[in-house]
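See structure below.
Note that the coordinates shown come from a computational prediction; the quantities given were computed from them, not determined experimentally.
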Amino acid sequence: MNQEQIIREQEAQRKAREHIVDSLDFFLFLSLLTLVILTIWFLKHKKFKYIHETGLAIFYGAIFGAVIHYGFKNSQIRSISFTPTNLTLKNLNDLPEYVFMGLPNTTHTFVYKYKEPTSDDSNLISDDFEEKVTFNPETFFNVLLPPIIFQAGYSMKRKHFFKNFGAILMFAMAGTTISAFLIGGLMYWVVTWQNSLKYMTFLDCLLFGSVISATDPVTTLAIFSDQNLDLSLYSLIFGESVLNDAVSLILVQQVEKFSGHSFQFGQIFSAIGSFFGIFIGSVLIGSLVGCVNAVLTKFTKIKQHSGLETALFMLISYSAFYASEAIEFSGIVTMLIAGIFQAHYTYNNLSKESQDQTRQIFHLISFLSENFIFIYIGISMFTFRKHQWEAGFILPSLIVVLIGRAANIYPLSFLINLTRSNSKKIKFKNQNLMFFSGLRGALAFGLAIRNTSTSSRQLILTATSVIVIITVVLFGGMTKKVIELLDIE
């Protein structure tokens, strides 16, 4: 067998192995989703109140992750470590995207693609299957998160949302900013007392505060939609959690701009201007996309073909996210506004069939995406190779997050009540429920896992994952009991 045949045969074997591992990977993820759905049905059938579906997804994912990590010992991915002697780089921006490697005694050139930097050689070695279940973070941000955010806006109860819009905006913008800076400041105070955490800078702590201030609208919706709460309270809780995600995302983007650079006080004003610029620009794009969809569905006869109408609605809605990201605005904010705008205008122009289809399809995609992410959160606790387990940071962060949530809800509720009549004031027991409902979820995890190139970013991911699991499992499971104890109708 000549050299050409050997190379082709090895390449065919490599592709066949990758296909098998990929197929097994997707099969097991789909099986876990199926198991979650069957368990949800069983719990609903038995009227068991204290376990929520997202908690189940995390639990099953954690079991699966443990089995993969400790039980699946497939052949290791082969790797070598070498330092080229004929290559000099002026700075890290000159790093090549591809490496073309020639070997002695062969006429072939082998192509390798840049993946990521690492300071730990042990991260270069992993098992085939464990490597495959670790998804590219951009998959979460560009594929799974957009339908979740769109559904949050599209399913919003418009009348009560706009009736409470001022209060919702205050909780989402002022409250989230207060929470982010308070958490960041307190966590920086915590790390200054520990030598093992000296690598965590103030900007790192502020980034953590911005990431962890993002609450989870879909989990909130799933929990509270079955409770028949007062619609005004429901709109406050759900509306705040939706807009909160948009604000948190932009805060993260602004903090990341200063990463690796010296921070000067004057840059705060530049960041504030950029914050509002991105927010307003993203809102305008979402509104424009909603306008285009509303006009097309109103002044064409496409409603005579409900399948085409539904397909057009979905394609235009999804395009909003990628158009916004392409010009460096916030796709999440755009998707949220597009959802709200189209629920208010485009929905009424759709045929009855398309109204039902768009509601059902986006609800289904959002449900599957959300549970997929929570399954992955559970899996990643065992299979993700870049976790930083620092108890001195993670344990205090659990308390600090609660302090940040309290600083968001109670002072702002007091200020809002000053402008309301007695009948419309936010009751103290309702404030307690708003405090308790600050669940962390998909967006916080998606923001944290998007960049794990440094030890500080890896610690942020680990702390975020732990907080997401605890708030979803513990707080989510206890919400119904808390509503009963607070005697909220």
Could you walk me through whether Phe341 and Tyr345 pass the ring pair (Phe, Tyr, Trp, His ring centres under 6.0 Å) test, one step at a time?
CA-CA 6 Å; Phe341 198 98; Tyr345 296 105; 4.7 Å; yes
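- Pro146 and Tyr318 get closest at one heavy-atom pair: CB-CE2, 4.5 Å.
- Cation-pi geometry between Arg359 and Tyr347 is met: the NZ or CZ atom falls under 6.0 Å from the ring centre, inside 45° of the normal.
- At most 12 heavy atoms of other shown residues, nucleotides or ligands fall within 6.0 angstrom of atom CD1 in Ile399.
- Looking at heavy atoms from C-beta onward, Ile365 lies in side-chain contact with Met314 at the 4.5 angstrom threshold.
- Checked by atom type, the side-chain pair Asn293/Thr346 shows no donor-acceptor distance below 3.5 Å.
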List the steps, then state whether ring pair (Phe, Tyr, Trp, His ring centres under 6.0 Å) holds for Phe393 with Phe208.
CA-CA 11 Å; Phe393 185 90; Phe208 172 70; 5.2 Å; yes
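- Of the residues listed (Ile285, Val289, Ile149, Ile332), the one engaging Phe321 in a side chain to side chain contact (heavy atoms under 4.5 Å, CB included) is Ile332, and it is the only one.
- The shortest distance between side-chain heavy atoms of Ile302 and Leu296 does not fall below 4.5 Å.
- For the pair Ser324 (side chain) and Ala320 (backbone), a donor-acceptor distance under 3.5 Å is absent.
- A donor atom on one side chain and an acceptor atom on the other are not found under 3.5 Å apart for Tyr199 and Thr454.
- Other residues, nucleotides and ligands place more than 12 heavy atoms under 6.0 Å from the OH atom of Tyr410.
- Proximity of Leu35 to Thr39: side-chain heavy atoms (C-beta onward) are separated by under 4.5 Å at one or more points.
- A salt bridge does not link Glu390 with Lys198: none of the charged nitrogens is closer than 4.0 Å to a carboxylate oxygen.
- Put simply, the side chain of Leu169 does not reach to within 4.5 Å of the side chain of Glu240, judged on heavy atoms.
- Taking the side chain as every heavy atom from C-beta outward, Leu144 and Phe372 approach each other to under 4.5 Å.
- Nearest heavy atoms, Val191 versus Cys205: CG2-SG, 4.1 Å.
- Panel note: side chain Ser351, backbone Ser306; no donor-acceptor pair is recorded below 3.5 Å.
- Using a distance-only test at 3.5 Å, with no hydrogens or angles considered, no donor-acceptor pair links the side chain of Asp204 to the main chain of Ser456.
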Check the pair Phe367, Phe362 against ring pair (Phe, Tyr, Trp, His ring centres under 6.0 Å), reporting the backbone distance first and the verdict last.
CA-CA 8 Å; Phe367 170 81; Phe362 274 107; over 10 Å; no
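- Looking at heavy atoms from C-beta onward, Ser179 lies out of side-chain contact with Arg405 at the 4.5 angstrom threshold.
- Ion pairing of Lys301 with Glu309 is absent here, as no side-chain N (NZ or NE/NH1/NH2) approaches a carboxylate O to less than 4.0 Å.
- Under the 6.0 Å cut-off for aromatic ring centres, Tyr60 and Phe64 do not qualify, their centroids lying 6.0 Å or more apart.
- Panel note: side chain His387, backbone Phe382; no donor-acceptor pair is recorded below 3.5 Å.
- At least one side-chain heavy atom of Gln342 sits less than 4.5 Å from a side-chain heavy atom of Phe150.
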Apply side-chain contact (heavy atoms from CB on, under 4.5 Å) to Asn408 and Ile178, showing your working.
CA-CA 6 Å; Asn408 177 344; Ile178 291 170; 5.9 Å; no
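- Asn244 and Thr215 form a side-chain donor-acceptor contact under 3.5 Å, judged by distance and modelled atom types alone.
- When only modelled atom types and interatomic distance are considered, Ser366 and Ser369 share no side-chain donor-acceptor pair under 3.5 Å.
- To the nearest 0.5 Å, the span separating CD on Gln458 from CG on Asn451 amounts to 9.5 Å.
- Side chains of Thr310 and Ser354: a donor on one and an acceptor on the other come within 3.5 Å.
- For the atom pair CZ (Phe276) and CD1 (Ile250), the distance works out to 9.5 Å, reported to the nearest 0.5 Å.
- The two atoms that bring Asn417 and Lys425 nearest to each other are O-NZ, 2.5 Å, heavy atoms only.
- The closest donor-acceptor contact from the side chain of Thr358 to the backbone of Gln355 lies under 3.5 Å.
- Between the side chains of Ser282 and Ser330, no donor N or O sits under 3.5 Å from an acceptor N or O.
- Heavy atoms only, all atoms of each residue included: Ala167 and Leu236 are closest at CB-CD2, 3.8 Å.
- Looking only at side-chain heavy atoms (C-beta outward), Lys303 and Leu350 stay at 4.5 Å or farther from each other.
- The CG atom of Leu197 sits 6.5 Å away from atom CG of Leu459, with the distance rounded to the nearest 0.5 Å.
- With hydrogens and angles ignored, the 3.5 Å screen pairs no side-chain donor or acceptor of Thr464 with any backbone N or O of Phe445.
- Remark: the backbone N or O of Ala294 is paired with a side-chain donor or acceptor of Thr297 at under 3.5 angstrom.
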What's the verdict on side chain to side chain donor-acceptor pair (under 3.5 Å) for Tyr188 and Thr201, showing C-alpha distance, side-chain angles and the deciding distance?
CA-CA 7 Å; Tyr188 183 65; Thr201 66; over 6 Å; no
